[in-house]
Amino acid sequence: MNKIVKVVVGLPIEGPFDYWVDETLRAQIAVGKRVRIPFGGRKRIGYVVGQADKSRFPGGRLKPIFSVIDATPILNDELLQLTREVSIYYGCSWGEAIETSLPKALRSGMTIDLPVTENFLGQKTSLHQIILLQDLNRKQGWDFLSENIRQSIAAGQDVIVLVPEITVLNFMAEMLKKISDKVIILDRKLAAKEELNNWLMAGAKEAKIVLGTRSAVFAPVHHLGLMVVIEEDHQSYKQEQSPFYHGRDVALMRAGKNDCRVILENCAPCPEVWWQAKKGTMKLLSFSTEKSAGMQIVDMTDYKSRKSVLISVPLRNAIEKTVRAEGKVILFLNRKGFSTMTKCPQCQFILQCPRCETNLSYLYAQKKMTCGRCNYRADLPELCPQCRSSYLRSSGIGIEKLESELARIFPKYRLGLYDRDTKNLPVQFDILIATQAILRLQNQFSVELIGAIHMDSELNHPDFRSAHKTFSLLIQLRQMTKEKFIVQTRLPENYCFKSAAKMDFKGFYREEIKFRRQLGLPPFNHLVSIIVRAAQEKAAFEQVNIFYRKMQDTLKRGIMVTEPQPDVMPKLRGKYRFMILVKGKSAEKILSFVRTSLKGIKRKSGAIISVNVDP
DNA sequence: AGCACGCCGACT
DNA sequence: GTCGGCGTGCTC
């Protein structure tokens, strides 16, 4: 019965693979344990997913496993099933899904001493219910959340709370410690040893709160009662490498298996999620604002002619009034650094990243040119590197340039900067000039006035989520101001601004859903994006077209394929990128279509194809 | 993902 | 003649 084990590995190949188990190892074998195996001529770690008496492997005699690593399985049935489901949905191998679910210490084969605990999979412990919590009132929203968490803990159940990133995690940790003294933190950025320790504590028997980033959705808790996803649509929940999973969606999968409750929290929910609530799959719970700060839209088309006018008259007046009354101001500009383009006025040469071909930004504080996509850095050249006859001129506005403009306009005001790399909020300031990184602190402080310098850059992105992203930014910024919110735009008639000004959520989602329906975008279809990348542009281009032609030939009903186009990032880290979008009702059907199309096509050397479900 | 096997150009 | 290019295919 246990002569043969079925093993999967953390590689993009399906398996499972059969191995022979020597008699001396048979007693140790169990599903969910790690084993050391010979694989493709080298030693690897494999994960036992099954046992058998005989193998159907046609290749003759099986290789024997070297050893069994774990005394107790590190994966219980629930996590085995969950990772299996994740692998099917996102189109990766089971082994890859298992590997992303584990702390790095365990992937590297470290041995551990794990106590034996049973898990409660399949036992109906609570009502499976999904709540979409729209929390525009921090007090009531928090009361609701903490009450739910408290109830689960009191019932002896575990709670998993997912947060988008570390600042929110630290803040939430303090809040959650008021509810329970057992708050376990899980984050891939922890040191290997600490990560493993916390992972082990997450698996302990007593009820606890596991607080973590994306990967904490796989926390090995045994009696899951509630999952909370804070800022449900945050970008960081989507893994940008294979497996391209979304933390929120895996949370929903996991909750479905365990019959546990889910609370998805967001001020301006993702339209896909909003639609679920509208259809009744989820319950929408809205706590409205006690008092909403006034929002004023300033039409900047009038300012077009006058050069270098960043601050409109109404905004300037509001800043003066606020600072005079000893209030604080945030000016929002979603662009790091000083300038965004550096050009030679003589020969028109533009400084670009050698790997991404994007214009380099200048970081004034660091005196460096940098690429916003990769981590390329260079010094600012004295003269034009091409014609050597002129100094370079910079244009394009980042927060550092805005700071210098403001220093000119308001020489007496204290100015501060805040972006992704800012560690601490400036201690004293009258005006804080910030990128969207400021939203990390949205629950931690607020100001009297927020001015958005131009909100249009987001809206002009060729991304079907851009309208919602803009709306969401507007709503979140508005929540951070106590008195006034001024938005400068050249698109004042756009529904994002109009509905945000009126706090008209229904209006916004009605428009957005209409737009999504017309174009057959989520939630009405699933999207799968296929990115073909290669160092040689020709290789990438030819590969994507080979693939596209094959897809055309084998096209199925209900599946739509767009023509290949350069990706939003046409070149990244030295690789040219082309994209195909596939649309269809079911992600699984799209994926199986993509798989069959992929089979037997001619492969161009150096071209890499990656498949991203729900990009 | 690696690594081995396999079929066409410049070397001692 | 052989060394080696990377194109193709497999890993129990």
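All figures in this text were calculated on a predicted structure; none of them were measured in a lab.
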Can you sort out the partners of A/Glu85 under salt bridge (Lys or Arg N to Asp or Glu O under 4.0 Å), two or more places apart, ordered by chain and number?
-> A/Lys257

In chain order, what residues pass the salt bridge (Lys or Arg N to Asp or Glu O under 4.0 Å) check against A/Arg533, with sequence neighbours excluded?
-> none

Between which nucleotides of DNA chain B, 5' to 3', does chain A make heavy-atom contacts below 4.0 Å?
-> B/dA1 to B/dC3

List for me each residue that meets side-chain hydrogen bond (donor to acceptor under 3.5 Å, both in side chains) alongside A/Lys33, sequence neighbours excluded, and say none if there are none.
-> none

Which atom pairs, one a donor and one an acceptor, fall under 3.5 Å between side chains of residues 36-48 of chain A and the rest of the protein, sequence neighbours left out?
unit_1	atom_1	unit_2	atom_2	d
A/Arg36	NH2	A/Gly109	O	3.4
A/Tyr47	OH	A/Glu99	OE2	2.5

If the sugar-phosphate is the primed atoms plus P, OP1 and OP2 and the base is the rest, what is the B/S/- string for nucleotides 5-12 of chain C, using protein heavy atoms under 4.0 Å?
-> --SS--BB

Contacts table for residues 608-615 of chain A: side-chain donor-acceptor under 3.5 angstrom, sequence neighbours left out:
unit_1	atom_1	unit_2	atom_2	d
A/Asn612	OD1	A/Lys238	NZ	3.0
A/Asp614	OD1	A/His526	ND1	2.9
A/Asp614	OD2	A/Tyr89	OH	2.6

Summary of side-chain hydrogen bond (donor to acceptor under 3.5 Å, both in side chains) pairs that have at least one residue in residues 242-253 of chain A, sequence neighbours excluded = A/Glu232-A/Arg248

Partners passing salt bridge (Lys or Arg N to Asp or Glu O under 4.0 Å) against A/Lys193 (at least two apart in sequence or in another chain) | none

